[in-house]
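First the proteins, then the strands, lettered A, B, ... as listed; each starts at 1.
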Amino acid sequence: MSLVGDRRVDPGLSRNRPRGNVGVLRIAVVVLFVVLGARLAQMQLVDGAEYAERSERNRIVVESVSPTRGLIYDRKGQPLVTNSGSFAAMITPSFLPESPTDRYRLYLYLEDLLGVPALQIEEAVTAAEDRGQRDLPVPIARALDRPVALMLQQVAADLPGVTLSVEPRRDYPGGAEFSHILGYVGPQSPDEWRVLQEDGYAFNEAVGKVGVEARYEAILRGVPGRAIREVDAFGDLVTTIESTEPEGGQGVLLSIDSDLQRYVYELLTNTMGEATTAAAVVMSPVTGEVYAIVSVPTYDNNIFSLPDPGEEYQRLLDDPRIPLLHQALSPVAPGSTFKIITAAAALEEGNITRYTQRNVDSTVLEFIGEDGQPYYFYDWRVHGELDLIGAISWSSNIYFYMASCGIPGEGIDGLGANIEQSAIVLGYYARSFGLGQVTGLDIASTESSGVIPSPEWKRRVRSGPLFNPEDRDWYLADTCFMGIGQGDVTATPLQIAVATAAIANGGDLLKPYVTRQVLAADGSVVSTTEPTRERVPVDEQHLAVIRQGMRQSVIDGAASRAALPDLLVAGKTGTAEFVDPEDGVTKERAWFTGFAPYHNPQVVVTVFYDLGVGGTKAAPIAADIIGFFMENVAP
Amino acid sequence: MSRFGVEGTLRAWDRFDAILALAALALVGYGLVLIYSGSLGSYDGPSASLQNPVVRQGLFAFIAIGAMFIISRIDYHALLHYAWWLYGASILLLLVLIPIGQTEFGSTRWFDFGPVQFQPSEFAKIATVLLLARFLSEQGGDARDLRVLGGSLAITAPVLLLVFTQPDLGTSIIFAAIWLGMVVVAGIQRRHLLFFGAVFLALFPFLWTFTVADYQIERISVLLDAEEDPLDAGYNPIQSQIAVGSGQLFGKGLTNGEQTQLDFLKVKTKDFIFSVLGEELGFVGAMALFALFILLLMRGIRAAQIAGDIPGQLVASGVVIMILMQAYINIAVNLSIFPVTGLPLPFVSQGGSSLLTLFIGLGIVQSIVMRHRAYRQF
């Protein structure tokens, strides 16, 4: 039997049928494969060498075309950032000449042109090659002067591997008072690059590092374009295979009023006195939007656009006041501002009422504790007979000691059945007013959660070789100090503002935000931030009592310097004591938190200085801020 | 007597055409090697995984070969008996595909069943071959009569048009070739052949203008000068030309082709698998592939020649034409002498539907070979 046919068989003719033309099929098979074979021989054997050379040269470069980054505006639509370009000289290692001498000659030429030492260029190229990034352009010199850039552009065509690129740059014209809100962009760290390259980020692309720039990176960045080009062995363009235009990033409209922000910043800076740091928050008790959030000292975020921010940056890191830290998001003892929460807890738990009277006829309260030891608690003045309104108004410590921890053995009940329970109950209310947890303000920052202590917390953090066993125990004083916002309690100015807003608006705990809207390139609104709120577990009538106390405090109490002539302001001062670790002297921190107008709260203001007395230092400044707000910002 | 044949027809497997089957297996094996090389860039999972394209293709081949053995046991007259039903089912599936099929690269050719896809036009090829064979043999296997010719055309035209509108130019050409080849085998008169040629030429400008999709025109015009528009439609032809041409006599070695491994080539385990072969194994490797195809096709033609009766001869011819034209068009696309049509290389390209159809076709051919003495009527 032959492989391809069986000649024994002759189908022959049927009665009326022609012989099946099967032979035609054989001819077709042979003809078609001869055609293919001939074409193949032509391509592979005759023209093969030429194709082989093309295959050798055939290289595809995929370039990411950076989109224009979205802008950030204040609530009136004023831009707080602008985009500009800066020229940079780049080298793509894989397109450099092979021979080291040719390369070095090229580096020397660049040294003449750009003023960058040839050795430094060589190092940068070698480092990139060691990273395995031969095909990525390496920046050799940044922020080139325009004439130099134009000259480089002319000669780059004759310098293999050298290109001129325009790097996008962010300028922040608003001034340093916006730095903590806006943040800045900067080159990716190796860790960021590992993650971001999955999202199609180019190696040299800047990303938001902190602030709104970082928090809204995905919105501001836009969609990069892509150019796929076929290039020859010298990196010169042969054809563009595919190119898509980048899509600019969307804009972000802040709730920040830049006039107010600037006013508050300047006001705080000019009234620092002996204080080294200060913070203020101005927010809406209706929506939670933040009108101004100021931290003193601040820094100039434009330095991160410099070719080399190293020196300036180092200066910021060395500054003992830590300018990079956002003071409004950093924790500190809230002092007497915390009493509004203690009051809410005590009213809701029922261990006091609005009318509960206490006689504070001495600045010292002495009583014998459960352990038989005498305890002494101090007040800042002799208040005489006080009800709750008076206690809030005059910020009586002894009244709030009694309201939180009670006096064991004298028939005055604390918040709970015993001192530990009282602390746990108070902690529950503090947390429900947003303390002890981050507010979630929408700027990428090191927002602190602060501390709301509890017996369990103390056992946990006071363990270890640095502490004695009795350090872990919970004492009467722990609960009492907690009741006046001292001891281990810490809170950020923003948290105090949010808690104040909840009292002002009748019980809505709002999530603060600085971003009102996302805007498309044509200015149309893509999305609007919806306020998010939770209810605090306190009866509305009880909150009204606290508001009344805060109002009374401004009328004729400790906060009277926050009064304004035509506006009903309500507020609470705070003067938190602390021992300065440097000189061992007891010093005070100044707080004020309040709202206005009293009957229809439109604004909450919280002011903090790290040194000073609340009633004299912080309260008048808050009044100025409220005045400015009502005149220039109020809706 | 059974209904369709003589008892004892299958005296043994000894008439089973082992050479035909081995040639097909060799092509599948060749394909597995090329799929391995072509998928190195896109698949980096474990080698023993169902996600591995080589494993998947091996599994499909196993199933397909099983199908070939089962079909070869069935008397092909049973299939011819149901030819109208199979044909009707094909038409139905092609119609159903229009609203619910899977659209890919602008063309709706697939049903998607999760991990498995099914391409009804593959099934329709076999059904059309069977029905044409039955129809022509009922007319005495004689296509000299113009009415017979018209009838056979009427059978082919609906499936051809349905496939054409998917749009799938390549497969509709296969249908046209099947019809043409089978009526030639059935003895079409030369003047009729000339007449159809003239009609086609007369209609050609009309077809070009009104029925060929833009992308097809683009592909065809790109073929005339691939360098003219390297931006878009010309990309694949240029890259496959460079791949094949640069392979030269012996190729660059398996897994060493720059065009293949650096992703210049697209769909390189499917439509452009021949370019992988050309680049990595060169002219010599391509000639080995041609030899396997020619062996397989010649054995298929032998089956047509020794077939016991007219329908057997026609069915075997139809299957041979189907395989021949698919192979020719696919390789011609890779060599840039035919516009890009998206046809797989039979037995070699990755794809389960295609493999299954081909082995079912071979199973029918085996059925014809194994029964050629029982049905001898010439």
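Of the listed residues A:V46, A:V24, A:L40, the one with more heavy-atom pairs under 4.5 angstrom with chain B than any other is A:L40. Contact count versus chain A (heavy atoms, under 4.5 Å) is highest, among B:L249, B:L324, B:L297, for B:L324. Heavy-atom pairs under 4.5 Å with chain A were tallied for B:A327, B:S246, B:G247; the largest tally goes to B:S246.
Proximity to chain B (any heavy atom under 4.5 Å) is shown, for A:V29, by both the backbone and the side chain. When heavy atoms are compared at a cutoff of 4.5 Å, A:V35 approaches chain B solely by way of its side chain, counted from C-beta outward. Contacts between A:L45 and chain B at a heavy-atom distance below 4.5 Å involve the side chain alone, from C-beta outward. In this structure, chain A has no heavy atom under 4.5 Å from any part of B:F250.
A cation-pi geometry, defined here as NZ or CZ lying under 6.0 Å from the six-membered ring centre and within 45° of its normal, holds between A:R221 and A:Y201.
Applying the ring pair (Phe, Tyr, Trp, His ring centres under 6.0 Å) definition to pairs two or more places apart or across chains, none involves residues 311-334 of chain B.
With hydrogens and angles ignored, the 3.5 Å screen pairs a side-chain donor or acceptor of B:N330 with a backbone N or O of B:L343.
Summarising the geometry of A:M43 relative to A:Y51, their closest heavy-atom pair is O-CD1, 3.6 Å, with the distance given to 0.1 Å.
Between A:E247 and A:R69 there is no salt bridge, since none of the side-chain N atoms of the basic residue sits less than 4.0 Å from a carboxylate O of the acidic one.
With hydrogens and angles left out, the side-chain atoms of A:R26 and B:Q305 include a donor and acceptor closer than 3.5 Å.
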